[in-house]
Every structure is written in structure tokens, then in C-alpha cells.
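Chain letters run A, B, ... following the sequence lines, proteins first and then strands; every chain starts at 1.
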Amino acid sequence: MADFVMPTLGSDMTEGTLVEWKKKVGDRVTKGEIIAEVDTEKSAIEVESFFTGIIQQLITKPGDTIPVGTVMALISEEGKPAEEVEVKVEARPVKESTPSPVSEPIVSSPTEPGRLRISPAAKQLAAELRVDPSTLRGTGPGGAITLSDIHTAAAAPTNEQPISSADRQAKMREIIAAAMARSKREIPHYYLSTAIDMGRAMTWLKEENLKRSVTDRLLYGVLLIKAVALALRQVPELNALWKGSAAVQSPDIHIGVAVSLRQGGLVAPALHHADKQSLGELMTRFQDVVKRARAGTLRSSEFSDPTITVTSLGDQGVETVFGVIYPPQVALVGFGKVVERPWIVDSHVVSRPVVTASLSADHRVTDGHRGAVFLSAIDRLLQEPAQL
Amino acid sequence: MNRPLAPDETRQTVLRLLGEIAPEADLSLVKADVSFRDQLDIDSMDFLNFVVSIHKTFGVEIREADYPKYSTLNGCVEELSANRTR
């Protein structure tokens with residue numbers, strides 16, 4: 001029997017409200033299939049099943065607001081004996097938490113009835129922020145109260161009314177504030193930037209788009225995303241999440257793309273396996289994810305999977321981005337506006353379209369040298385656009 | 001489209017499509033000669049989606065090189081009118 005739990009979709013999520021079950025008891029679900037719609041403080045999210053099997057019990061009701069890690073449904077996994085299912089359904093208490101990919105290190109001590117599981121650092125922070133940890137439900141391993149729990153509790157309003165649009169905006173601002181403050185407090189950022197000649201890429205894109213119908217054309221942003229994805233193969237240290245006290249590299253390359261929301265705030269959903277997608281496929285997925293981000297129908301894996309974020313502020317006229325890493329990611333790549341600049345080619349000064357690429361990276365994970373190798377790889381890849 | 005639209009009708013249709021791209025915008029405030037991107041919060045993706053909507057709604061082919069012609073309300077109306085007479 002497998003627990004389908006309220007997933008954690010980033011360091012800033014502590015709870016969610018079940019909007020709707022997409023399946024009923026007895027339905028078969030496959031891994032990755034959407035099983036529920038959950039409303040978070042940021043947006044509505046379609047939550048995917050992590051298992052393949054038959055739904056045995058739907059525990060949570062639509063409208064229930066529950067902490068991350070709480071068991072919402074029970075799924076009998078394929079190949080598991082039926083009697084085991086029944087015993088566990090009756091005996092299983094609702095869990096208060098599951099390991100979060102972004103949880104802080106905790107003090108692992110034998111569980112004692114009534115004893116709080118909280119690290120000294122979280123305890124100290126709770127005192128500083130005047131948060132009573134005994135009133136919290138921890139999201140760390142075994143229900144441990146994490147630093148993130150304390151920050152969220154400190155920022156959270158005390159009432160539990162349904163989230164209105166205005167409330168959601170305010171809440172999103174608080175969440176972004178908490179995540180960014182945490183990032184700046186905990187992550188020793190270093191910054192690098194380089195100017196990239198986009199002449200070849202822009203010429204290639206213009207010719208490529210001539211061959212495509214208006215519905216299939218590429219934005220130059222997908223070239224940047226693909227270049228970042230391929231560069232991560234060369235510098236895999238940057239394709240990682242910070243877990244506990246170490247970085248854990250991801251076997252796959254999922255790029256988070258920063259999408260500004262019309263009502264304010266932003267999200268950075270994943271373009272999965274971006275290194276393996278053709279530019280056309282990537283463009284289709286990019287359009288889809290932007291559309292769904294703004295419609296509030298992103299999926300849980302799109303929040304939890306990215307290891308790096310790409311943001312482009314060129315449309316707003318910005319030339320250089322100094323980004324803040326979104327924890328538990330370990331890097332962010334920013335692109336500015338493509339501008340015409342004097343450029344030396346074969347000892348001659350010529351005008352070239354140039355974009356400034358910047359890297360914000362976690363110094364606990366990489367050093368400037370590897371960051372520089374990464375930016376150089378992006379540059380090289382963009383000089384061969386047909387190979388992207 | 002089964003029949004040519006009058007300029008006013010074209011203008012209203014373009015505004016409707018624009019409203020679908022930028023639902024938060026007050027379309028009554030859109031200045032006809034000012035670039036959409038200078039008066040509304042739309043980015044490259046939004047503008048591409050807008051052009052695709054024009055293409056699907058009016059049945060016109062739009063070259064990438066002609067995108068600037070569709071960057072204002074007046075530009076859209078003029079280009080779509082010219083397109084019908086070509």
C-alpha cells in the first residue's frame with residue numbers, strides 16, 4: 001500500500017487545500033497521472049500520482065486544508081498482496097509529514113511521546129521570531145519542525161479563510177519574500193556574467209522561422225533554455241538540489257523557467273528533460289507551461305523538479321540580471337535584452353546583437369571556475385544554433 | 001472569416017483578441033498608435049500568442065518580418081484591411 005500525500009512543491013509550501021479528486025475509489029492510476037487538484041497559496045496545482053495501482057481510499061475531502069506530507073489517499077501498488085492492503089488501511093494513522101527535498105538538517109533523536117522534533121537552529125529561530133513551535137506541524141523527516149516551518153509560521157496570517165485573489169497576491173508576496181530571504185541568508189551566492197554574440201543564433205532563428213508557420217515559430221528564448229540545458233551536461237554540479245548539508249545531483253535535466261503572473265508574483269515551473277527536447281518540442285512545452293502557469297493549472301512535478309531556473313528580463317529592457325537562487329536549487333541563469341554592440345570580428349569593429357548572460361550560483365556547491373566553464377559552454381552552444 | 005470586416009469591426013475583434021492575451025488590461029485605454037508592448041504588460045510570448053490569434057481569427061498569413069506592423073491597434077487594422085484587398 002502506498003500513501004498519496006500532500007506533496008511539497010518547493011521550500012515555500014506548507015499546506016494545500018484539496019479542490020477536487022480527479023479519480024474515485026477503485027480507479028486505476030498510473031505513475032505521473034493527475035489524481036487531484038490542490039489549491040496552494042501560490043496557485044492551483046494538478047497533483048500527479050507517484051505510484052501505479054488502484055485507489056483504495058480517499059481520505060481527504062474537497063475543501064480540506066492539510067499540511068504538506070499528510071496522507072490524502074491510499075493506493076494499492078501493483079504486485080502487492082491484497083491482505084497487506086487491508087491491514088494497513090485500518091492501522092495507519094495520518095502522517096504529519098514526509099521528507100521534504102528542501103528540509104533542513106535536523107537533530108535525529110529517538111521519538112518520545114509529546115517531544116518536539118526540532119533542531120537547535122530552528123528552536124533558536126522560533127524564539128527570535130516569537131513562534132511557538134509546539135503549535136506547528138513539522139514538514140521535515142518524521143514530522144520534524146524545520147527552519148522553513150518557522151519562517152512560514154512567522155509570516156502566515158492566523159485565520160484560515162478561503163484564499164481570495166487579493167489574499168493570494170499578498171500571500172504570494174510573503175512566500176517569495178520568505179524564500180528569497182532564506183536564499184540570501186543561507187546561500188553564499190557568487191555572480192558571473194558574460195556578453196554573448198547572438199549574431200549566428202539570431203540569423204539562424206530568422207531563417208528557421210521563415211520555414212515555419214506562424215503557429216510553429218520559435219522564440220529566441222527557447223534557444224537560451226536549450227543551451228543552458230546542454231551546458232548542464234558539461235557542468236553537472238550545477239544540476240543539483242541542496243539537501244540537508246550537501247548538494248545532490250539530478251540524473252535528469254529539468255529547467256525551471258521564470259514566468260511572471262498577471263496578478264503579480266512569479267512561478268518557475270519545469271521544462272522536463274529540456275536537454276533531450278528538440279527546439280520545436282521545447283517551444284510547444286514552453287508555451288503550454290506559461291499558459292498553464294497563468295491559468296493556475298500547473299502540475300506538482302513542475303514545481304518540485306527544477307534544479308536550476310532560467311529567467312529572461314530582456315522584454316522589459318533589462319540588460320543584466322543579478323538573480324537570487326530559488327532554494328533548494330543551486331543556480332540561476334539570467335538573460336537580458338539583446339542589444340546591438342560594437343564587437344571585434346577578425347580585427348574589425350562590427351555591430352553585433354549581444355546578450356548578457358549571468359550566473360548566480362551557490363558557492364557551497366561550485367566555485368567561480370566551474371561557473372565560468374558553464375557560461376562559456378552556453379556561449380559556445382549558442383554559436384552553433386543548428387546543433388541545439 | 002466568411003466576409004470582410006469593416007474597420008470598426010476589425011478594431012473590436014483585435015481588441016477582443018488582445019483582451020484574451022492581457023485579461024487585466026483596460027482596453028478602453030488602449031492608444032491606437034502606441035505599441036501594445038509600450039502600454040500593456042505583454043512579453044514576447046504574449047505577442048506571439050496574439051499574432052497566432054490574429055492568424056487564426058482572420059485567416060491571414062503573417063510573416064515574422066511583418067510582426068512590427070501588428071504592434072499597434074491602428075497597425076493591425078491597416079494591415080488586416082490591406083491583407084483583404086491583396
Gap between atom CD of B:E24 and atom CG of A:L261 - 0.5 Å precision: 11.0 Å

Separation between CZ of A:R262 and CG of B:L40, rounded to the nearest 0.5 Å: 8.5 Å

Derivation and outcome, side chain to side chain contact (heavy atoms under 4.5 Å, CB included), residues A:R217 and B:V52: CA-CA 10 Å; A:R217 283 182 196 144; B:V52 169; over 6 Å; no

Under-4.0 Å salt bridge between A:R294 and B:D41: no

Between CG on residue A:L210 and CZ on residue B:R63, distance to nearest 0.5 Å: 8.5 Å

From CG (B:N49) to CD (A:Q287), nearest 0.5 Å: 5.5 Å

Portion of A:F286 that has a non-hydrogen atom of chain B nearer than 4.5 angstrom: both

From B:M45 atom CE to A:S312 atom OG, the distance as rounded to the nearest 0.5 Å: 11.0 Å

Smallest separation among heavy atoms of B:L48 and A:V214, with atom names: CD1-O, 4.2 Å

Separation between CG of A:L313 and CG of B:D43, rounded to the nearest 0.5 Å: 10.5 Å

Contact origin within A:V290 toward chain B - heavy atom pairs under 4.5 Å: side chain

